[in-house]
Amino acid sequence: MGLDPIAAAKVSTAKVRMELGNLSSVKWFRGIGEYIIDWGLGYRIYLAKDGDSVIILFGGSTKRQQQKAIEKAIGLFEEYKIRKKRQTQPGRK
């Protein structure tokens, strides 16, 4: 199911803001950030930081699906860290 045009525009605006380094609307907890779009169903975008890089972990959710999406984002971030560690180990290709 796709987003309606207004919701899609709001998500795109949030994405551009994050790409430009504006993370002032992000609430950080348990190693991940939650960007809340206070409109409509209350859209969320979950992200993490790796140094200065921002990683979108999960396309997002609505307020109703928030807890499930947070757990998924945390799991994806843990998976990312494991893969990164494997790639940086000597002798790994």
Side-chain angles (χ1 to χ4, degrees):
M1 181 172 136
L3 296 174
D4 68 65
I6 296 173
K10 291 190 176 286
V11 169
S12 292
T13 299
K15 180 180 168 277
V16 168
R17 287 180 178 159
M18 287 187 282
E19 287 172 348
L20 294 172
N22 183 347
L23 301 177
S24 62
S25 296
V26 175
K27 294 180 183 177
W28 295 95
F29 57 93
R30 294 177 61 187
I32 63 167
E34 180 182 57
Y35 188 109
I36 298 172
I37 300 171
D38 191 18
W39 181 85
L41 298 174
Y43 299 100
R44 272 91 170 121
I45 301 170
Y46 298 98
L47 56 133
K49 289 187 82 174
D50 183 358
D52 290 334
S53 298
V54 173
I55 308 158
I56 302 295
L57 295 170
F58 187 63
S61 73
T62 61
K63 174 68 175 164
R64 188 178 337 152
Q65 302 158 335
Q66 182 179 20
Q67 193 55 46
K68 183 178 176 182
I70 289 169
E71 295 304 320
K72 180 162 182 131
I74 290 168
L76 289 171
F77 189 43
E78 292 301 318
E79 182 180 317
Y80 168 83
K81 291 188 286 187
I82 290 167
R83 287 182 183 198
K84 183 176 179 184
K85 184 176 181 180
R86 285 182 189 153
Q87 290 176 348
T88 59
Q89 290 177 343
R92 302 276 311 191
K93 292 184 179 182

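Throughout, residue positions are numbered sequentially from 1 according to the sequence presented.
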Supply the atom-to-atom distance [X] [atom1] to [Y] [atom2], rounded to the nearest 0.5 angstrom.
X	Y	atom1	atom2	result
L47	I32	CG	CD1	8.0 Å
K63	I36	NZ	CD1	7.0 Å
Q87	Q89	CD	CD	10.5 Å

Any idea which heavy atoms bring [X] and [Y] closest together, and the distance?
X	Y	result
A73	Y46	CB-CB, 3.6 Å
S25	Y35	CB-CE1, 3.8 Å
G31	F77	O-CE2, 3.5 Å

*side chain to side chain contact (heavy atoms under 4.5 Å, CB included) assessment of T62 paired with Q65*: CA-CA 5 Å; T62 61; Q65 302 158 335; 3.5 Å; yes
Name every donor-acceptor pair, under 3.5 Å, that has one atom in a side chain of residues 2-13 and the other anywhere in the protein, sequence neighbours excluded.
from, atom 1, to, atom 2, distance (Å)
D4, OD1, I6, N, 3.0
D4, OD1, A7, N, 2.9
S12, OG, A8, O, 3.1
T13, OG1, A9, O, 2.9

_With R83 via salt bridge (Lys or Arg N to Asp or Glu O under 4.0 Å) - residues at least two apart_ =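 Expected list: E79.
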_I'd like to know whether Y43 forms a side chain to side chain contact (heavy atoms under 4.5 Å, CB included) with I45, so could you lay out the CA-CA distance, the side-chain angles of the two residues, the decisive distance to 0.1 Å, and finally the verdict._
CA-CA 7 Å; Y43 299 100; I45 301 170; over 6 Å; no
_Let's go through L23 and M18 carefully: what are the C-alpha distance in whole Å and the side-chain angles of both, what is the deciding distance for side chain to side chain contact (heavy atoms under 4.5 Å, CB included) to 0.1 Å, and is it a yes or a no?_
CA-CA 6 Å; L23 301 177; M18 287 187 282; 3.7 Å; yes
*Is E71 paired with K68 through a side-chain N to carboxylate O contact shorter than 4.0 Å?*
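No, this pair does not count.
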*Is Y80 reachable from F29 through a run of I, L, V, M, F, W or Y residues, each pair having side-chain heavy atoms under 4.5 Å apart?*
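Hydrophobic grouping puts F29 with Y80.
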_Could you check whether atom NZ of K15 has more than 12 heavy atoms from other residues, nucleotides or ligands sitting under 6.0 Å from it?_
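At most 12 heavy atoms, drawn from other residues, nucleotides or ligands, come within 6.0 Å of this atom.
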